[in-house]
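Just so you know, these numbers use all the heavy atoms, side chains as well, and skip hydrogens, waters and symmetry mates. Remember, it's a predicted structure, so these values are computed and weren't measured experimentally.
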Amino acid sequence: MSRGWQTFSALLLFIGIFNNACVEGLGVNWGTVSSHKLAPETVIQLLKDNGIQKVKLFDADPTILKALAGSGLEVMIAATNLELADLGDPTKAKDWVHKNVIPYNVNSKDGVNITIVAVGNEPFLQAYGDKFTGVTAPALKNIQDALNEAGVGKTTKASIPFNGDVYMSPLYNPVPSAGIFRPDIADKIRDILKILSANNAPFIVNIYPFLSLYFAKDFPLEYAFFDGATPLVDGKIQYTNVLDANMDTLVSALKVEGYSDMPIIVGEIGWPTDGDTNANVTLAQRFLQGLIKHLASNKGSPLRPGYLETYLFGLFDEDKKSTLPGNFERSWGIFKYDGQPKFPLDLSGKGENKTLVAAKDVQYLPKKWCVLKGDAPTDANLADNMNYACNNGGDCTPIQDGSSCNFLDAKQKASYVFNSYFQIQNQSNTSCDFKGLATVTTQDPSVPNCNFTIQIAPSTSTSPAHGAHSSSHEQGKSAASTSLPGTLATILAFATMLAQLRL
């Protein structure tokens, strides 16, 4: 290639990167709890096309890691909560590292740039009690020791994504500057902070302002966003959003323990687009765009100004997630299940009205839908068949109260449910009968604001998820034990603070 063409190609590359710039430090959570998944190569290209340079996984899926080799993306992988007890054995921790980190040549440009190994996910969640409190610190130490021994510890750190309920402000003084770690786990947290500090590893926290509205109905809406709400005062500090107040409660808690300068990463933050009256495209776009602009300003929070590495939750909607936390749980993606953008979003934070770049070359099943027959009665038999579809893979959350398709009439809801099951079953001939109540049609039954899905063709999907290892907000939880994601306890404390400060 001539020098002229080399210069021209470099210029085109620069222009492409510039046009798809992403705010510094912004990454995404790539969850895979879906019935039909895009191929890893398609997802990686999607990340690159949108200028996203960091990705957080919820396991160490070898199919995904092999695809990430040579991509240049920074990658956070994870060991699950169910593995913590085993990782308390140094030998097993070494085996884990040599299986899930070392083969991917983390220090090579042709390898996988694994920057963090997440040891568990929200293991001190209050709903777990003491299930993981005794095994988490030993697992963290052993994984970091194994990374150090393997010669990659300077570039690959072990840490733990915590839920925000590990810190709090006392009820008698519910302000950020009074932040402390939860007394029942403070000793365990201290052990973990020592390990993190000794290895220059970050403290990772998952924060969900959406839950302030979901669980505290009197929470003032404007403080969940970044639009300049009326300032609330903590001493000489003013707060206009719950994220900054939440962050500074953590900063204060770290200061109490003697770790004022420990780096902090927001491991998960986002806003769902369905499943609740406050889970919609309008509010999700408002929150995410405000968040990205906030990050781009590098203002940080009052007690921790500057750069903040942050991972959006999540990349895609995931139709197999448990809905025990709420019907919104399957709708956190900034992209739909098939990699199509939900709304304009400027990832540079410059305030431009940009549309995210969609996934390319996605192949779909044929344009066929399963619908209720026109003469079918709306009786108990219909209800039983709808329940069967919902309980056997169909995603029925969009027709529930507060969701996007709840306005449909009874027959339309039945069609929606039947079609969801039909698509999950890859449009098999036997999956659209429902005791003679349903039929296949080539006429799209979608209506404004309610889309009847055509699923991704299986040939473009990855292999099935690793079950418990592939969950999103928390791995390894059964439906019965799934706990609410995010920072419920902290947010409720802030709701109290905000209400009091308003008086």
Side-chain angles (χ1 to χ4, degrees), residues 122 124-128 162-182 205-234 237-250 252-253 266-280 282-288 290-291 294 301 313 322-332 397 400-403 473-474 482-503:
E122 302 184 346
F124 289 2
L125 201 67
Q126 284 181 298
Y128 290 153
F162 284 107
N163 186 286
D165 72 353
V166 299
Y167 52 88
M168 57 180 286
S169 295
L171 291 178
Y172 62 83
N173 190 23
V175 294
S177 60
I180 56 173
F181 285 104
R182 217 171 71 215
V205 61
N206 300 337
I207 299 177
Y208 284 93
F210 165 77
L211 297 180
S212 60
L213 298 179
Y214 187 74
F215 294 108
K217 300 303 181 184
D218 58 347
F219 185 88
L221 177 70
E222 62 269 29
Y223 291 101
F225 301 97
F226 303 88
D227 305 328
T230 302
L232 299 167
V233 180
D234 175 9
I237 298 175
Q238 295 184 341
Y239 290 94
T240 61
N241 67 80
V242 73
L243 174 62
D244 285 352
N246 195 317
M247 281 292 300
D248 281 357
T249 303
L250 171 57
S252 297
V266 176
E268 298 178 24
I269 187 168
W271 200 282
T273 56
D274 208 351
D276 182 68
T277 53
N278 288 315
N280 56 63
T282 300
L283 292 183
Q285 183 184 33
R286 177 184 175 188
F287 175 79
L288 290 168
L291 169 66
H294 187 65
S301 64
F313 190 90
S322 168
T323 58
L324 191 59
N327 288 327
F328 55 81
E329 192 64 9
R330 295 175 176 175
S331 303
W332 290 95
T397 55
Q400 305 300 323
D401 289 345
S403 298
H473 285 112
E474 170 50 32
T482 301
S483 298
L484 299 168
T487 56
L488 173 57
T490 303
I491 286 172
L492 291 178
F494 287 143
T496 302
M497 176 194 77
L498 295 174
Q500 290 182 351
L501 291 175
R502 264 186 155 185
L503 296 177

- [ ] Dump the intermediate steps for side-chain contact (heavy atoms from CB on, under 4.5 Å) on Asp165 and Phe124, then the final yes or no.
- [x] CA-CA 8 Å; Asp165 72 353; Phe124 289 2; 5.7 Å; no
TODO: Could you walk me through whether Ser403 and Asp274 pass the side-chain contact (heavy atoms from CB on, under 4.5 Å) test, one step at a time?
DONE: CA-CA 6 Å; Ser403 298; Asp274 208 351; 3.4 Å; yes
Task: Residue pair Tyr239, Val233: steps toward the side-chain contact (heavy atoms from CB on, under 4.5 Å) verdict - done: CA-CA 6 Å; Tyr239 290 94; Val233 180; over 6 Å; no
- [ ] Any chance you could lay out the side-chain contact (heavy atoms from CB on, under 4.5 Å) test for Thr240 and Glu222, step after step, and finish with the verdict?
- [x] CA-CA 8 Å; Thr240 61; Glu222 62 269 29; over 6 Å; no
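In this structure a side-chain-to-backbone donor-acceptor pair under 3.5 Å is missing from Thr277 to Gly402. In this structure, the side chain of Ser331 does not engage the main chain of Pro272 through any donor-acceptor pair within 3.5 Å. Judged by distance alone, with hydrogens and angles left aside, the side-chain atoms of Asp276 form no donor-acceptor pair with the main-chain N or O of Gly326 at under 3.5 Å.
Within the model, atoms CG of Asn206 and CD of Glu122 stand 4.5 Å from one another, a figure rounded to the nearest 0.5 Å. Separating the CZ atom in Phe225 from the CG atom in Leu243 is a distance of 12.5 Å, to the nearest 0.5 Å. To the nearest 0.5 Å, the span separating CG on Leu213 from CG on Leu283 amounts to 8.0 Å. Asp248 CG to Leu250 CG: the interatomic distance, rounded to the nearest 0.5 Å, is 9.0 Å. To the nearest 0.5 angstrom, Leu288 atom CG is 9.0 Å from Phe226 atom CZ.
Checked against the 6.0 Å centroid threshold, Phe287 and Phe210 do not count as a close aromatic pair.
For Ala284, the side chain to side chain contact (heavy atoms under 4.5 Å, CB included) partners are Trp271, Thr273, Phe343, not counting sequence neighbours. By the side-chain hydrogen bond (donor to acceptor under 3.5 Å, both in side chains) test, Asp244 is found to be paired with Asn241, His294, residues two or more places apart in sequence or in another chain being considered. Listed by chain and residue number, nothing satisfies the side-chain hydrogen bond (donor to acceptor under 3.5 Å, both in side chains) test with Asn173 (two or more places apart in sequence, or in another chain). Under the side-chain hydrogen bond (donor to acceptor under 3.5 Å, both in side chains) criterion, Ser177 pairs with Asp234, not counting sequence neighbours. Under the side chain to side chain contact (heavy atoms under 4.5 Å, CB included) criterion, Thr323 pairs with Asn327, Arg330, Thr397, sequence neighbours left out. Scanning for salt bridge (Lys or Arg N to Asp or Glu O under 4.0 Å) contacts around Arg286 gives Asp227, with sequence neighbours left out.
Taking the side chain as every heavy atom from C-beta outward, Ile180 and Met168 approach each other to under 4.5 Å. Two residues are said to be in side-chain contact when any heavy atoms from C-beta on lie closer than 4.5 Å; Phe162 and Leu125 fail this criterion.
Counting all heavy atoms, side chain and backbone alike, Ser169 lies closest to Thr249 at OG-CG2, 3.6 Å. Ala253 approaches Tyr167 most closely through the heavy-atom pair CB-CB, 4.2 Å. Taking each heavy atom of Glu329 and Ser322 in turn, the nearest pair found is CG-O, 3.2 Å. The two atoms that bring Asn246 and Ile207 nearest to each other are ND2-CG2, 3.7 Å, heavy atoms only.
Tested against Tyr208, the residues Phe215, Phe328, Tyr214, Trp332 include a single ring-ring contact (aromatic ring centres under 6.0 Å, His included) partner, Trp332.
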